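Quantities reported herein were computed from a predicted structural model and do not represent experimental measurements. Every chain is numbered from 1 and lettered A, B, ... according to where its sequence line falls, protein lines coming before strand lines.
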Amino acid sequence: MSKIVIENVSVVKKKKLTPDCFAITVAPFSKVKSIRPGQFVHLQIPNCNLFFRRAFSVYSVNTEEKSLEILFKVFGRGTAAMASLKKGNRLSLLGPLGSSFRKPKKNELIGLIAGGVGFPPIYYLSRFLIENGFDPKKLFFFYGGRGRSDLIELARLKKLGLNSVLVTEDGSLGIKGLVTSAVEKWFLENKGSKVVYSCGPEGMLKAVDQLAQQYNIPGQISLEAPMPCGVGICLGCIKPLKSGGYTRVCKEGPIFEIGEIIL
Amino acid sequence: MTPDISVEIAGLSFKNPILTASGTCGYGEELADIFDLSQLGGIVTKTITMKPRDGHPSPRTAEASSGMLNAIGLANVGVDKFIEEKLTYLEKFDTRVVVNVAGTCTSDYVNLCARLNDHPRADMVELNFSCPNVDVGMEIATDAKLAEETVSKVKKVFSRPVIAKLSPNVTSIADIAVACENGGADAVSLINTLVGMAVDINTFRPRLTNNTGGLSGPAIKPVALACVFKVYKAVKIPIIGIGGISNYSDVIEFFLCGASAVQIGTTLFVEPDAPVKIVKELKKYLSKNKIESIRELTGKVRIYK
Ligand SMILES: Cc1cc2nc3c(=O)[nH]c(=O)nc-3n(C[C@H](O)[C@H](O)[C@H](O)COP(=O)(O)OP(=O)(O)OC[C@H]3O[C@@H](n4cnc5c(N)ncnc54)[C@H](O)[C@@H]3O)c2cc1C
Ligand SMILES: Cc1cc2nc3c(=O)[nH]c(=O)nc-3n(C[C@H](O)[C@H](O)[C@H](O)COP(=O)(O)O)c2cc1C
Ligand code: FES
């Protein structure tokens, strides 16, 4: 049986979260059960005449309804067209794609570090871990953005009952500063083994990657690259490996180990 | 009556005329997660060179209107690893394997094909005389004499059929095709990508680190059809049509202009299972039009005199 499928799905729900941020739920997708946190889907967006599909992390899944939710921000033509999708619109979905986050060890404190639209996969991972028996008290969710409007879905995050640390550069919500400063403070204040998982803008990921290496904390980051195919056949989505050569973000990634990629 | 979509090229039978194009299907492993490769007429593997290559730095692909630009730079695992791992992997599929090779000079092509001759899973070789993104092979693509000489030397070391893959970035593609035929090529495949460029108006930077790249996808289909049409009039050997094919009707068009089989490239990036759909629809088209075999269609375009 095929591990990766192409199916036509319908928009079953659409929510406007901020003027340029939306959550849409699509169904039915036959492979919902096999999706793991960190994986993504490749969507062919109708009515915008774009040649390539667009990649989106899975934000949540509902196995009974065979639905999956994605959260996106309007960047360009494709995401603008997605913003005007309506309930009932159909689109082609290719997935599930890419690697997923590995499970932490039972005794580890878990640092979940999200910036901007890096929120969906980190939220999904947090929820998945809690649903799979991890103690929410051991989960520390660091959520960073430029200002308060970047920190979306706070009510939903709160429901998970984990420790959350909100950080904004302009101080309009939570701690003022960079999310990595808050993470460093957490590293210093907590003894015992830790692991971090992060997704966000590349500048932030670079800082997280350096910080984790400096403190010898293992973990994983989720990377982005423009993706023509999403399945590993075009060799267009590459990043340089520290060990030499390139790796494909869509196939070996999007989840990579701390220190693996030259950012 | 179920219509016959099998074809024959240089004495080798193909269960259907749909092959996947070099550089757009890796070595088959990724597509095998999506559909059974045995449903393909054949698979043309990513260009292999003597030594492994990383290719150009990112960005090396860019979206274009109805297509894309690429300057991957022939990233590949090199012939040793290819034979050891990739060709072995392809053993288990019931489909033709065409191994695409490239080098910087005639002797590279000869050495590569001599190596492959010992591995019968390589049903055919396709000589990439046409990659616009590296110096590799481009000279041979534009120089009829050099192309003829390279084909004839390869024919001496490779005992199975040899295909020459041609570039559209030449003054007369028919002249190069004729030279390859004279050199002993068993078939020609065309076209490779057209040289193209795109620039970011905010940074003033080209969208590819190689500055220029190769245009592919539906945008190039009319150019490819005209090339097949011209070459069909010039040579007797079979033509494998390539360029922007995304559905069964494109395949029929290529046949009518002179193709005996086709390769699907860029479409796989958007619809990786396209070959499976196209095979089904080809059968439907033939049944509906009461055509017994797709082979009847080659070159049957009714041209205006
Ligand atoms: C694995 C993966 C998961 C993703 N998950 C999400 C998600 O959950 N939510 C979300 O909002 N977005 C996500 N993205 C990003 C999303 O794919 C892009 O926002 C989208 O492709 C932009 O399309 P567009 O047509 O609107 O913009 P375009 O017009 O294509 O591009 C607008 C600008 O963004 C740049 N750009 C486009 N795509 C990318 C990219 N992938 N990486 C870096 N720069 C890019 C372009 O160069 C251009 O400058 C993800 C990307 C990847 C690779
Ligand atoms: C990303 C990419 C990589 C390619 N790599 C190769 C290659 O390694 N060797 C080759 O002979 N052709 C290569 N090609 C050319 C294709 O095989 C094909 O000739 C061309 O793209 C036109 O067909 P299409 O429009 O169906 O893609 C490549 C094309 C693309 C888009
Ligand atoms: S997007 Fe094509 S290889 Fe990754």
With a 4.5 Å cut-off on heavy-atom pairs, point out which of [options] contacts chain A the most.
options                       : answer
B:G265, B:A64, B:S66, B:S65   : B:S66
B:T266, B:T61, B:L268, B:V270 : B:V270
B:E271, B:M68, B:E63, B:E30   : B:E63

Could you walk me through whether A:F101 and A:Y197 pass ring-ring contact (aromatic ring centres under 6.0 Å, His included), step by step? CA-CA 8 Å; A:F101 291 112; A:Y197 299 97; 5.5 Å; yes

Are any of the side-chain nitrogens in [X] or [Y] under 4.0 Å away from the carboxylate oxygens of its partner?
X      : Y      : answer
A:E7   : A:K31  : no
B:E281 : B:K277 : no
B:K221 : B:D250 : yes

Residues of residues 75-88 of chain B under 4.5 Å from chain A (heavy atom pairs)?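 So far as heavy atoms go, B:A75 are the residues that approach chain A to under 4.5 Å.
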
Contacts with chain B made by [range] (heavy-atom distance under 4.5 Å), listed by residue number:
range                       : value
residues 219-240 of chain A : A:P228, A:C229, A:V231, A:G232, A:I233, A:C234, A:L235, A:G236, A:I238
residues 246-263 of chain A : A:Y246, A:R248, A:K251
residues 203-210 of chain A : none

Stepwise, does the ring-ring contact (aromatic ring centres under 6.0 Å, His included) test hold for A:Y124 with A:Y59? CA-CA 5 Å; A:Y124 179 25; A:Y59 178 34; 8.6 Å; no

Distance, nearest 0.5 Å, that separates [atom1] of [X] from [atom2] of [Y]:
X      : Y      : atom1 : atom2 : result
B:L40  : B:F14  : CG    : CZ    : 11.5 Å
B:I5   : B:Y248 : CD1   : OH    : 14.0 Å
B:N70  : B:I72  : CG    : CD1   : 5.0 Å
B:I191 : B:I220 : CD1   : CD1   : 4.0 Å

Contact class of [X] relative to chain A, heavy atoms under 4.5 angstrom:
X      : result
B:S58  : both
B:P57  : both
B:A219 : neither
B:A32  : neither

I'd like to know whether B:Y89 forms a ring-ring contact (aromatic ring centres under 6.0 Å, His included) with B:Y27, so could you lay out the CA-CA distance, the side-chain angles of the two residues, the decisive distance to 0.1 Å, and finally the verdict. CA-CA 9 Å; B:Y89 169 80; B:Y27 311 106; 9.7 Å; no

[X] side chain to [Y] backbone, donor-acceptor under 3.5 Å:
X      : Y      : answer
B:S167 : B:N169 : yes
B:T212 : B:M197 : no
B:R60  : B:A71  : no
A:N62  : A:E65  : yes
A:T168 : A:R146 : no
A:N89  : A:K86  : yes

Taking the side chain as everything from C-beta on, heavy atoms only, tell me whether B:M50 gets closer than 4.5 Å to B:L112.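 Side-chain contact under 4.5 Å: yes.
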
side-chain contact (heavy atoms from CB on, under 4.5 Å) between B:V44 and B:T20, worked out: CA-CA 6 Å; B:V44 187; B:T20 53; 5.6 Å; no

If you apply the rule salt bridge (charged side-chain N to carboxylate O under 4.0 Å, His left out), what do you find for B:D123 with B:R96, and how did you get there? CA-CA 6 Å; B:D123 291 306; B:R96 292 291 181 194; 3.4 Å; yes

More than 12 heavy atoms of other residues, nucleotides or ligands under 6.0 Å from CG of A:N47: is that the case? no

Go through A:V5, A:L50, A:I6 and name the one with the most non-hydrogen pairs under 4.5 angstrom from chain B. A:I6

